[in-house]
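Below is one structure, written out as structure tokens, with a few remarks after it.
Chain A is the first sequence line, chain B the second, and so forth, proteins listed ahead of strands; every chain is numbered from 1. Please read all numbers here as calculations on a predicted model, not as lab measurements.
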2 protein chains.
Amino acid sequence: MLPMKSRYALKALVFLARHQADGPVPVAGIANAEAIPTKFLEAILLELRNAGILTSRRGPTGGYQLRVEPKTVFLGDVIRNLSGPMAPLPCLSKSAYHRCAECVDEATCAVRLLMADVHAATLRIVDGTTLAELVARVDAAATGGAEGQSQRCRPAEGPANNDFDFID
Amino acid sequence: MLPMKSRYALKALVFLARHQADGPVPVAGIANAEAIPTKFLEAILLELRNAGILTSRRGPTGGYQLRVEPKTVFLGDVIRNLSGPMAPLPCLSKSAYHRCAECVDEATCAVRLLMADVHAATLRIVDGTTLAELVARVDAAATGGAEGQSQRCRPAEGPANNDFDFID
DNA sequence: GTTAAAACCTACTACGCCGGTAGGGATTTG
DNA sequence: CAAATCCCTACCGGCGTAGTAGGTTTTAAC
């Protein structure tokens with residue numbers, strides 16, 4: 001499960017990308033629009049600011065706004081900053097690697113071999129998509145309707161087979 | 001993070017696939033070989049038996065063994081049986097769907113659009129790989145050494161670009 | 001038929017993390 | 001100065017994870 005922190009952060013960033021021209025937006029404004037607990041969002045935006053993604057201004061007419069262009073914000077970095085590394089196994093994390101206690105031989109660990117692929121696939125998506133691309137995709141989903149649903153952030157690799165119907 | 005339950009289960013299944021010819025294997029044997037807490041593994045194997053993947057025999061010379069062929073065991077089902085649905089958002093789960101409370105419009109939810117791709121990519125791997133394929137891959141990693149590392153469970157789709165170096 | 005090995009079952013628990021809340025302090029505008 | 005806003009520290013309840021404890025039942029071997 002993607003933690004609420006990261007979910008709220010992504011929503012707020014999309015919102016801020018939309019309102020780039022409006023100058024600083026106060027926390028309460030975003031919280032109301034996106035149905036996010038205000039105080040919680042406050043802490044989240046602070047972290048995004050410390051991560052260099054947002055700038056803030058205090059006092060009346062203050063608020064938060066994007067510090068950098070949406071096309072330079074990689075969503076993987078957003079998630080990582082707020083919720084830490086997303087490796088499915090400690091031995092697959094580069095930033096927080098540590099050996100699995102129970103692992104007899106890491107090189108031939110079946111779990112690791114499997115999850116390495118999952119991890120790589122996840123990273124390819126979240127680190128291969130920018131905030132700008134995500135906003136564009138939301139727009140496509142809103143205006144395009146059905147055609148927005150089948151659209152992807154990146155052109156699908158290989159044969160475009162959306163024909164799997166797995167359960168979860 | 002993949003829960004320990006699923007990790008242990010995968011390890012045990014690989015072990016059992018290797019020892020298919022030996023008849024029933026007692027829990028303690030697997031636990032010792034794979035460095036898994038015996039009582040915990042006991043509960044896990046019981047669940048796998050209830051899921052129809054293993055059979056058991058009681059008494060001396062008893063133990064667990066695979067009920068079905070390794071190539072019919074999909075790893076996604078193993079994880080799902082032990083740790084529940086693996087959707088990154090409740091609104092992406094088919095088996096346990098429920099609407100996100102904070103989501104204003106599901107069809108245009110940015111978080112959902114992004115995570116849907118992640119989810120699909122994950123399912124393609126875990127539901128597209130069988131126990132038999134995983135065993136084969138462990139073998140390749142063990143004997144082949146370096147060439148085993150770059151090998152995938154399935155032929156890579158599209159251009160084989162392993163050239164991303166993301167952090168987590 | 002006794003012993004022992006194993007599966008099976010129920011209950012309990014310690015710990016950490018997640019998702020907040022509370023309350024105030026600092027800064028800036030009007 | 002007043003008010004709006006960001007900023008900071010501290011706290012907390014609930015839940016899930018990763019086990020442990022302690023038995024009962026079945027079955028094979030002697």
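Taking A:Glu69 as the reference, nothing meets the salt bridge (charged side-chain N to carboxylate O under 4.0 Å, His left out) condition, with sequence neighbours excluded. With sequence neighbours left out, the side chain to side chain donor-acceptor pair (under 3.5 Å) criterion links A:Asn50 to no other residue. Partners of A:Asn81 under the side chain to side chain donor-acceptor pair (under 3.5 Å) rule, at least two apart in sequence or in another chain, do not exist in this structure. Every residue meeting the side chain to side chain donor-acceptor pair (under 3.5 Å) condition with B:Glu106, not counting sequence neighbours, appears here in chain and number order: B:Tyr97. The side chain to side chain donor-acceptor pair (under 3.5 Å) search around A:Arg58 returns none, not counting sequence neighbours. Partners of A:Arg67 by side chain to side chain contact (heavy atoms under 4.5 Å, CB included), not counting sequence neighbours, listed by chain and number: A:Thr55.
If you measure from atom CE of A:Met1 to atom P of C:dG19, you get 10 Å, rounded to the nearest angstrom. One atom, CD1 of B:Ile44, and another, C1' of C:dC9, lie 16 Å apart when rounded to the nearest Å.
A 4.5 Å side-chain heavy-atom check between A:Cys91 and A:Arg99 finds every atom pair outside the cut-off. Put simply, the side chain of B:Leu45 reaches to within 4.5 Å of the side chain of B:Ile30, judged on heavy atoms. For the pair B:Val118/A:Met86, no side-chain contact is recorded, criterion being any heavy-atom separation below 4.5 Å from C-beta on.
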Distances for protein N/O vs nucleotides 10-15 of chain D N/O pairs under 3.5 angstrom?
none

Please tabulate, one pair per line, each protein N/O and nucleotide N/O from nucleotides 18-20 of chain D that are separated by under 3.5 Å, including the distance.
residue, atom, partner, partner atom, Å
D:dA18, OP1, B:Met4, N, 3.4
D:dA18, OP2, B:Met4, N, 3.1
D:dG19, OP2, B:Tyr8, OH, 3.0

N/O-N/O pairs, protein side and nucleotides 12-15 of chain C side, under 3.5 Å:
none

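Summarising the geometry, atom OG1 belonging to B:Thr72 is positioned 8.5 Å from atom CG belonging to B:Leu131; distances are rounded to the nearest 0.5 Å. Note that CG of B:Leu48 and CG of B:Leu54 are 5.0 Å apart. Values are rounded to the nearest 0.5 Å.
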Check residues 6-18 of chain A and write down every donor-acceptor pair under 3.5 Å in which the side-chain atom is one partner and the other belongs to a residue at least two apart or another chain.
residue, atom, partner, partner atom, Å
A:Ser6, OG, A:Ser83, OG, 2.5
A:Arg7, NE, A:Leu2, O, 2.8
A:Arg7, NH2, A:Leu2, O, 3.1
A:Arg18, NH2, A:Asp139, OD1, 2.2

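Listed by first and then second residue, the salt bridge (Lys or Arg N to Asp or Glu O under 4.0 Å) pairs involving residues 27-44 of chain B are B:Lys39-B:Glu42 (not counting sequence neighbours).
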Take nucleotides 1-7 of chain C nucleotide by nucleotide from the 5' end and write B, S or -, depending on whether a protein heavy atom sits under 4.0 Å from the base, only from the sugar-phosphate, or from neither.
----BBS

